[in-house]
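Quick notes on the structure that follows.
In this chain, residues are counted from 1 in sequence order.
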Amino acid sequence: MTNQLSEKILKLKKEKNAIILAHLYQTPEIQEIADYVGDSYYLSKIARDCKEDLIIFCGVKFMGESAKILSPQKTIILPATNAGCPMADMACVEDLEEMIKLYPDAFKVCYINSSYEVKALCDVSVTSSSALDILKNVENKQILFLPDRNLGSYIAEFFPEKEFILWRGFCPTHHRITAEDIIKAKEEHPNVKVLSHPECSKEVRDLSDYIGSTSGIINYATECEDKEFIIATEEGVLHQLKKKNPDKKFYFPEVMVCPNMKKTSLQDVYDALDGKKEEVILDEEIRKKALTSLENMHKLKEMVLCGE
Ligand code: 13P
Ligand code: SF4
């Protein structure tokens, strides 16, 4: 049944000249029908640069919004129309305006996991895989970082000369995992490296051998000669970890599932292609303001890639 539906999706996708993008936390069947699977930064670049005018974005709300901000001429559809990000919802415009009044000189950096209204008030957006490179290119001393206090405190450790003002947001999925969970997993699997996402708490990060984005974790495990790893991020990454490393073992110390990332079904994707789902619509004035923060993200990250 699933296979039949997958085939119907691929056929309709061709007819509609569409592209399907899937975040690494999506279910295996969604990852399997996608043209591109990756982390937030990678998918945002693909959405910006692809030639197709219809993008089916299997992810959560801020991802669809970000694609629309960068490519307003394209039709962007989030198949799971009610898939949000609780962390993004922890930063609202009113509170941010208050913070800006308190810290008028701060450079405002928002994690891409934020609403487009919040992005419209910020100087630059970052993702977990691009944040360190981007911050290297920011000269301001005072940084207001939102909404993730964990990613913020992780970045701050690399820039002791800067003053970071951190929002109090966090990802409920990554926040679940505790230092005790990691210690227990290390006892059960001695000498096995811990790979964690920067959305984990400092206590968890301090027990980790590698900290990076979803694709960073997958690349590390693939390139490393070790055969076993303890993974501290959402379990969706297991699909690519296993595909790329069929001979390796991966242990998750806690159940880590993002319910919103699991909302996309194959039927939703089919319906999106079939014109039965609403496209992402943004207020044009706010979109234009939010564009600056995403353009700056790509510009400052690409400066590093070009070695400027
Ligand atoms: P990355 O894919 O950029 O690592 O981000 C993880 C995440 O939480 C997306 O919601
Ligand atoms: Fe948001 Fe966390 Fe889910 Fe990512 S994993 S979409 S940060 S709730």
Can you name the residues that form a side chain to side chain contact (heavy atoms under 4.5 Å, CB included) with [X], not counting sequence neighbours?
X: K202; result: E157, R205, D206
X: A91; result: V118, L146, P147, W167
X: E15; result: K11, L12
X: E285; result: D283, K288

Side-chain contact, heavy-atom cut-off 4.5 Å: [X] with [Y]?
X: L70; Y: S44; answer: yes
X: I112; Y: Y41; answer: no
X: P79; Y: C58; answer: yes
X: I143; Y: L135; answer: yes
X: V126; Y: F145; answer: yes
X: L21; Y: I56; answer: no
X: L166; Y: S153; answer: yes
X: H23; Y: F57; answer: no

Pairwise side-chain hydrogen bond (donor to acceptor under 3.5 Å, both in side chains) hits with a residue in residues 48-69, at least two apart:
R48-E302
Mind running salt bridge (charged side-chain N to carboxylate O under 4.0 Å, His left out) on K243 and E32 for me, showing each step along the way?
CA-CA 11 Å; K243 255 181 109 166; E32 282 302 303; 2.8 Å; yes
Can any side-chain N or O of [X] pair as donor or acceptor with the backbone N or O of [Y] at less than 3.5 Å?
X: N260; Y: C85; result: no
X: K74; Y: C50; result: yes
X: D181; Y: I177; result: no
X: D209; Y: V194; result: yes
X: R287; Y: L282; result: no
X: K301; Y: N296; result: no

F159-Y103 co-clustered via ILVMFWY side chain contacts under 4.5 Å:
no
Pair Q267-D271, side-chain hydrogen bond (donor to acceptor under 3.5 Å, both in side chains): steps then yes or no
CA-CA 6 Å; Q267 189 61 48; D271 290 346; 3.1 Å; yes
Test: [X] and [Y] ion pair at under 4.0 Å:
X: R176; Y: E254; answer: yes
X: E187; Y: K184; answer: no
X: D133; Y: K136; answer: yes

Shortest non-hydrogen separation from L96 to C122 and the atoms involved
CD2-SG, 4.1 Å
Could you tell me whether [X] atom [atom1] has more than 12 heavy atoms of other residues or ligands within 6.0 Å of it?
X: E161; atom1: CD; answer: yes
X: E139; atom1: CD; answer: no
X: K289; atom1: NZ; answer: no

Could you list the residues that satisfy side-chain hydrogen bond (donor to acceptor under 3.5 Å, both in side chains) with D226, not counting sequence neighbours?
K193
Do you know which of S130, S128, S213 makes side chain to side chain donor-acceptor pair (under 3.5 Å) with D39?
S213
Criterion side-chain hydrogen bond (donor to acceptor under 3.5 Å, both in side chains) on Q26 and Q31, from CA distance to verdict:
CA-CA 6 Å; Q26 293 285 299; Q31 295 190 33; over 6 Å; no
Angle between ring planes, Y251 versus H189, binned at 30° and 60°: parallel, tilted or perpendicular?
parallel
Do the rings of Y25 and H174 sit parallel, tilted or perpendicular, given the 30° and 60° boundaries?
tilted
Using the rule salt bridge (Lys or Arg N to Asp or Glu O under 4.0 Å), only one of K276, K277, K262 pairs with D268; which is it?
K277
